[in-house]
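Written out below as structure tokens is the structure these notes cover.
Ligands are counted one by one from 1 in listed order, and the atoms in each one are counted from 1 as well.
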Amino acid sequence: MTAMHAVDVHSPRDAELVGWLPTATEDEVAAALATARSAAATWAAVSAADRGAAVRAGAEALRARASDLATVVETETGRPFASAREAVLAGAATLARYAELGPVHRGRPPLGTDFTVPCPRGVVVALTPWNDPVAVACRLLGAALVTGNVVVHKPSERCPHTGLLLATVLAPCFPAGVLQTLVGDGDVGGALVRADVDVVAHVGSTATGRAIARVSSAKLLLENGGNDPLLVDDDVDPSWAASQAALGAFTNAGQLCTSVERIYLHKSIAAPFLEALCQRAREWNTDPQPLVDVRHRSFVHAQVADAAAAGAHALTGGEIPSGRGAYYPATVLANCMPAMRIMCEQTLGPVAPVQLMSSFDEGLAEACSGERGPAATVLTSSMQHAQQAWRALPVSTVKINAVFGGAGGSDLLDEMTTTKVVHLGLPNGS
Ligand code: NAD
């Protein structure tokens with residue numbers, strides 16, 4: 001039995017080693033998959049109501065341990081305790097929602113005497129990222145488990161202790177083998193996705209999603225990185241709009257999948273908006289949150305430096321601070337242009353790059369271009385512009401006049417199940 005290797009976790013605050021864990025061996029990966037396969041039929045046969053009750057128990061257990069989880073999230077990823085706790089509670093709320101939705105999840109309406117029933121797909125491999133580790137895991141795990149699938153979860157190697165604590169809290173709510181967690185990096189993830197499993201659910205970077213698609217023959221659920229735009233129309237209060245932009249760009253140091261990544265600002269309100277945004281950024285910098293590690297900080301700063309070299313102007317921030325830890329200041333970049341990497345690619349850092357637009361239509365066209373994000377936000381007083389935007393933007397969630405919000409519903413339950421048609425005849429042939 002050969003150990004693949006160990007994952008070390010360093011504090012984002014001071015780079016000290018805060019823990020390490022051995023990664024799962026090839027034998028452990030194989031054993032977990034065999035256990036999952038043998039538990040699948042029994043769990044699938046449990047009534048939907050009882051599966052919902054187990055997921056609800058998981059939600060309650062998570063709520064009870066929210067502070068413990070938040071402490072570990074803070075240690076491993078640098079997210080401040082209060083914000084990390086809120087995110088854990090959001091994960092518990094997601095589990096509670098799936099506990100309700102699962103038992104009422106139905107097939108399509110009947111056609112004559114035929115009807116459809118949703119059936120679990122079987123073994124689900126869930127691969128989750130570091131940037132919102134508990135809430136994202138709860139979404140995949142809740143939807144998979146409540147619909148009767150068994151799960152092998154591999155949390156990010158940047159927060160393996162978070163993943164293991166989540167397993168300690170949730171797994172006892174289910175029969176043995178229904179929810180298992182393995183520690184490891186992309187090698188362990190690679191071994192899982194190449195195996196004979198039914199679903200691979202990956203939330204993470206676009207590059208990893210593409211790599212998985214090349215090697216896995218399972219049904220793929222890929223929720224990957226994006227480049228979420230924010231459009232600021234000319235008819236909104238610039239100071240309020242700047243607060244929204246700051247919240248979207250700087251919360252969790254810009255490391256949320258729905259963080260504001262690029263801003264299209266109507267030029268008629270540029271001066272007061274930028275002034276207010278810089279003020280917010282400076283306030284943010286009085287209580288700085290580190291990025292997840294210095295490797296990621298280098299990635300963020302490279303995009304800022306590229307933009308500056310191409311003519312962008314850092315109104316505030318934009319420099320790596322001296323001292324230990326992976327800190328990076330909330331940064332406002334003016335004079336951004338479409339070809340800059342900062343506008344075309346995901347940054348996942350506390351940077352608000354601003355490009356001016358002469359008209360709403362021009363900004364909307366820019367926002368619709370480039371890498372698709374999971375979400376987009378529009379700040380406008382015009383219902384016509386709001387409607388135009390939610391029709392055109394090629395994203396899963398469009399948020400009007402609020403940078404955060406929008407909960408996924410039963411779509412993931414559909415994805416985690418197959419639909420079986422039952423043709424129901426009478427035994428006498430009539
Ligand atoms: P990542 O893709 O590097 O890692 C995610 C998971 O995949 C980890 O568990 C990792 O070990 C595993 N993995 C890595 N390489 C693999 C491989 N070759 N085969 C199988 N598994 C592999 O992503 P990350 O850096 O941890 O997360 C940040 C990214 O996640 C950002 O791009 C962010 O936007 C995205 N994200 C998206 C959403 C969404 O809902 N769309 C939500 C949260 C995060």
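Taking 4.0 Å as the cut-off between side-chain N and carboxylate O, Arg85 and Glu74 do not count as a salt-bridged pair. Salt bridge Arg280/Glu283: present, at least one basic N to carboxylate O contact under 4.0 Å. Taking the charged nitrogens against the carboxylate oxygens, Asp293 and Arg158 do have a contact shorter than 4.0 Å, which makes a salt bridge. In summary, Asp306 and Arg341 engage in a salt bridge, as defined by a charged side-chain N under 4.0 Å from a carboxylate O.
For Asp132, the closest heavy-atom approach to ligand 1 does not fall below 4.0 Å. Proximity of His296 to ligand 1 is not established, as no heavy-atom distance is less than 4.0 Å.
Taking both residues in full, the closest heavy atoms of Leu182 and Lys154 are given as O-CG, 3.2 Å, listed atom of the first, atom of the second, then distance.
Every atom of ligand 1 is numbered from 1 in the order shown, and the set under 4.0 Å from a heavy atom of Cys257 is 34 (O), 36 (N), 37 (C), 38 (C), 39 (C), 40 (O), 42 (C), 43 (C), 44 (C). Close contacts of ligand 1 with His202, meaning ligand atoms under 4.0 Å from a residue heavy atom, involve 2 (O), 5 (C), 6 (C), 7 (O).
Neither the backbone nor the side chain of Thr206 comes within 4.0 Å of ligand 1, counting heavy atoms alone.
The single protein non-hydrogen atom nearest to atom 23 (O) of ligand 1 is Ser205 N, 3.2 Å, given as residue, atom name and distance. Of the protein's non-hydrogen atoms, the one nearest atom 27 (O) of ligand 1 is Pro129 CB, 3.1 Å.
Below 30°, between 30° and 60°, or above 60°: for Phe360 and His385 the angle between ring planes is below 30°, a parallel geometry.
Of the polar atoms of Thr208, at least one N or O is found under 3.5 Å from an N or O of ligand 1, judged by distance alone.
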